[in-house]
Amino acid sequence: MHTYPSDPEVRLLASIAEAIKPDYVNNQEDDPWARSPFGWIKSRPSRQVGKIGEQLVAGWCAAKGFNVNRSSSSEADRIIENKLVEIKFSTLWETGIYKFQQIRDQNYDFVFCLGISPLDAHCWVISKETLKKHVIGVTPQHTGARGSDTFWISVDPRNPPPWLKRYGDRLADAYKIISNW
């Protein structure tokens with residue numbers, strides 16, 4: 001039996017996760033997020049987790065009335081309200097942080113970072129210009145030559161970096177940001 005989040009926006013996202021769950025889970029699995037509507041995501045291979053994140057963001061945006069299309073470019077995941085959007089997804093790590101990985105300097109306008117914890121969700125909709133100031137070229141994901149083009153953001157949702165606060169936290173914040181494009 002699931003315990004459902006109290007935030008109505010997180011409940012909407014949880015219902016989308018439940019709707020796409022059968023595409024990924026065929027039986028009851030033992031995982032630490034067993035009471036979470038998002039728990040099944042933790043058991044999926046990392047390649048699927050990224051796709052699930054994209055589907056959650058696209059589904060939530062569409063449910064909120066935004067125009068959402070697949071991007072024809074490999075450098076952005078979706079077109080949301082006529083903006084090229086790269087989607088990054090993370091489940092909450094045991095250390096209490098989200099890590100949004102594989103951030104590159106590609107052709108997109110915004111990165112939508114969606115973080116899921118057992119009964120909550122956090123998100124930040126960050127302009128590429130801001131990423132270039134605080135992430136791209138600043139926090140490499142790998143060391144050496146491999147680290148020259150991929151970057152990441154580590155976010156403690158209880159204490160996000162000051163520069164990130166204006167780009168969201170709650171799904172309702174993301175809705176306001178996208179509505180103002």
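Position 1 is the first residue of the sequence; numbering continues from there. Only heavy atoms go into these numbers, but all of them, side chains included; no hydrogens, no water, no symmetry mates.
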**Report entry** E18 and W40: side chain donor to acceptor below 3.5 Å
**Finding:** no
Query - Distance-only polar pair, side chains of S154 and K99, donor-acceptor under 3.5 Å - result: yes
Minimal non-hydrogen separation, [X] against [Y], with atom names:
X    : Y    : answer
T150 : Q102 : CG2-OE1, 3.5 Å
Y98  : I116 : CE2-N, 3.4 Å
D169 : P157 : OD1-O, 4.3 Å
P118 : P37  : O-CD, 3.8 Å
I87  : G53  : CG2-O, 4.0 Å
E54  : D77  : OE2-OD1, 3.2 Å

With the 4.5 Å side-chain cut-off for hydrophobic clustering, are [X] and [Y] part of the same group?
X    : Y    : answer
L119 : V10  : no
V111 : V49  : yes
I103 : W93  : no
I97  : V155 : no

Query raised in the report: Would R170 and D120 pass as an ion pair if we require N to O under 4.0 Å?
Result: yes
Requested in this report: State whether E86 and K88 are salt-bridged, where the test is any N-O pair (Lys NZ or Arg NE/NH1/NH2 against Asp/Glu carboxylate O) under 4.0 Å.
Outcome: yes
Does the side chain of [X] reach to within under 4.5 Å of the side chain of [Y], using non-hydrogen atoms?
X    : Y    : result
V57  : V68  : no
W124 : R166 : no
D156 : T95  : no

Requested in this report: Mark yes or no: K128 above the aromatic ring of F110, with NZ or CZ under 6.0 Å from the six-membered ring centre and no more than 45 degrees from the axis.
Outcome: no
Query raised in the report: Relative to W163, does K133 satisfy both conditions: NZ or CZ under 6.0 angstrom from the six-membered ring centre, and within 45 degrees of the ring's axis?
Result: no
Kindly compute the distance separating [atom1] ([X]) from [atom2] ([Y]), expressed to the nearest 0.5 Å.
X    : Y    : atom1 : atom2 : result
H122 : C113 : NE2   : SG    : 13.0 Å
S71  : N107 : OG    : CG    : 8.0 Å
D109 : I80  : CG    : CD1   : 10.5 Å
C123 : I178 : SG    : CD1   : 7.5 Å
F66  : Y175 : CZ    : OH    : 5.0 Å
Q106 : I136 : CD    : CD1   : 8.5 Å

Query raised in the report: Would V135 and T130 count as a side chain to side chain contact (heavy atoms under 4.5 Å, CB included) if you check the C-alpha gap in whole Å, the side-chain angles of each, and the deciding distance to 0.1 Å?
Result: CA-CA 8 Å; V135 179; T130 298; over 6 Å; no
Query - Test side chain to side chain contact (heavy atoms under 4.5 Å, CB included) applied to L56 and L114, step by step - result: CA-CA 9 Å; L56 288 171; L114 175 63; 4.0 Å; yes
Report task. Look at atom NZ of K64 and say whether more than 12 heavy atoms of other residues, nucleotides or ligands are closer to it than 6.0 Å. Result -> yes
Query raised in the report: Take atom CG in N82; do more than 12 heavy atoms of anything else shown fall under 6.0 Å from it?
Result: no
Query raised in the report: Can you list the steps and then say if I52 with F38 is a side chain to side chain contact (heavy atoms under 4.5 Å, CB included)?
Result: CA-CA 11 Å; I52 293 165; F38 307 114; over 6 Å; no
Requested in this report: Decide ring pair (Phe, Tyr, Trp, His ring centres under 6.0 Å) for F89 and F112; before the verdict, give the C-alpha distance in whole Å, the side-chain angles of both, and the deciding distance to 0.1 Å.
Outcome: CA-CA 8 Å; F89 180 65; F112 191 119; over 10 Å; no
Query raised in the report: Looking only at atom types and distance, does a side-chain atom of R78 sit under 3.5 Å from a main-chain N or O of A58, one as donor and one as acceptor?
Result: no
Query raised in the report: Step by step, would you call F151 with Q101 a side chain to side chain contact (heavy atoms under 4.5 Å, CB included)?
Result: CA-CA 6 Å; F151 303 90; Q101 303 180 55; over 6 Å; no
